[in-house]
Amino acid sequence: MTEIITINCNNANCYLIRTASSMIMIDSCHAGDAEMIEKQLAEKGITPEEIKLLILTHGHMDHTGSAEYFKNKYQTTIAMDPIDCTILDIESRGLIGAVIKYLSRKELHRSLKIQPDIHLVHGQRMDQYGLSAQIIALPGHTRGSIGILLDDGNLLAGDMFMNIITPSLAHIYENEDVLKKSRDRLKTYPITTVYPGHGKPFPFKKVNK
Ligand SMILES: [Zn+2]
């Protein structure tokens with residue numbers, strides 16, 4: 001039985017995936033959110049030392065900000081596509097995109113200070129970490145964006161999608177054409193539910209055309 005636990009800090013989600021044999025964290029919210037994460041872990045009866053692996057879906061600081069804290073304090077192993085250790089400029093679509101880009105402007109241009117311990121690639125299986133899942137490359141929002149597709153059909157999608165008001169494709173991105181191609185490729189996978197980096201989970205069938 002695989003359980004997905006949501007931790008929300010200042011409008012960014014990180015997730016814990018609990019399986020029979022392991023606890024894996026997906027993303028780490030903003031820098032400065034670590035104590036809020038620790039508090040929510042404690043409320044759920046989880047100790048940070050239980051977390052075997054921290055997978056970062058991409059390099060933006062509202063997802064990677066507390067990774068350094070966990071690595072330094074708990075020696076948590078960090079996994080990501082290392083190309084996202086350097087972040088490129090972002091473009092936006094529409095009014096919502098312009099607002100998100102403006103509000104995120106400070107975080108979107110900071111790069112990671114730590115190097116990942118594990119370099120993830122498309123198609124990589126995660127069974128050796130106790131997780132029945134594969135890594136799917138989802139470039140577009142950033143070059144190194146990845147999704148974690150569990151064998152039960154749940155997709156942890158980082159910022160490929162958001163669901164603050166309604167499910168939607170990312171409103172900010174490094175390359176919109178590449179982003180749309182990633183969305184189209186996802187439709188070839190047996191996905192049931194999307195867990196976005198911002199907002200609530202939603203059925204994959206609600207992904208816009
Ligand atoms: Zn992002």
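As the structure lists them, so they are numbered: ligands from 1, and atoms in each ligand from 1. Atom set for the values below is all heavy atoms of this structure, side chains included, hydrogens, waters and symmetry mates excluded.
Atom CD of Glu49 sits in a crowded spot, with more than 12 heavy atoms from other residues, nucleotides or ligands closer than 6.0 Å. Atom CD1 of Ile96 is surrounded by 12 or fewer heavy atoms from other residues, nucleotides or ligands within 6.0 Å.
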Which atom pairs, donor and acceptor, lie under 3.5 Å between side-chain atoms of residues 148-161 and protein residues at least two apart or in another chain?
from: Asp151; atom 1: OD1; to: Arg125; atom 2: NH1; distance (Å): 3.1
from: Asp151; atom 1: OD2; to: Arg125; atom 2: NH2; distance (Å): 2.9
from: Asp152; atom 1: OD1; to: Asn154; atom 2: N; distance (Å): 3.1
from: Asp152; atom 1: OD1; to: Asn154; atom 2: ND2; distance (Å): 3.2
from: Asp152; atom 1: OD2; to: Asn154; atom 2: ND2; distance (Å): 3.3
from: Asp159; atom 1: OD1; to: His63; atom 2: NE2; distance (Å): 3.0
from: Asp159; atom 1: OD1; to: His198; atom 2: NE2; distance (Å): 3.3
from: Asp159; atom 1: OD2; to: His58; atom 2: NE2; distance (Å): 3.2
from: Asp159; atom 1: OD2; to: His63; atom 2: NE2; distance (Å): 3.0
from: Asp159; atom 1: OD2; to: His141; atom 2: NE2; distance (Å): 3.3

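The existence of a salt bridge linking Lys73 and Glu38 is confirmed by a sub-4.0 Å separation between a basic side-chain nitrogen and an acidic carboxylate oxygen. Taking 4.0 Å as the cut-off between side-chain N and carboxylate O, Lys71 and Asp117 count as a salt-bridged pair.
Counting only distances under 2.8 Å, and ignoring water, the protein N, O or S atoms around the Zn ion (ligand 1) are His58 NE2, His60 ND1, His141 NE2, Asp159 OD2.
Between the CG atom of Asp184 and the NZ atom of Lys181 there is a distance of 9.0 Å, given to the nearest 0.5 Å.
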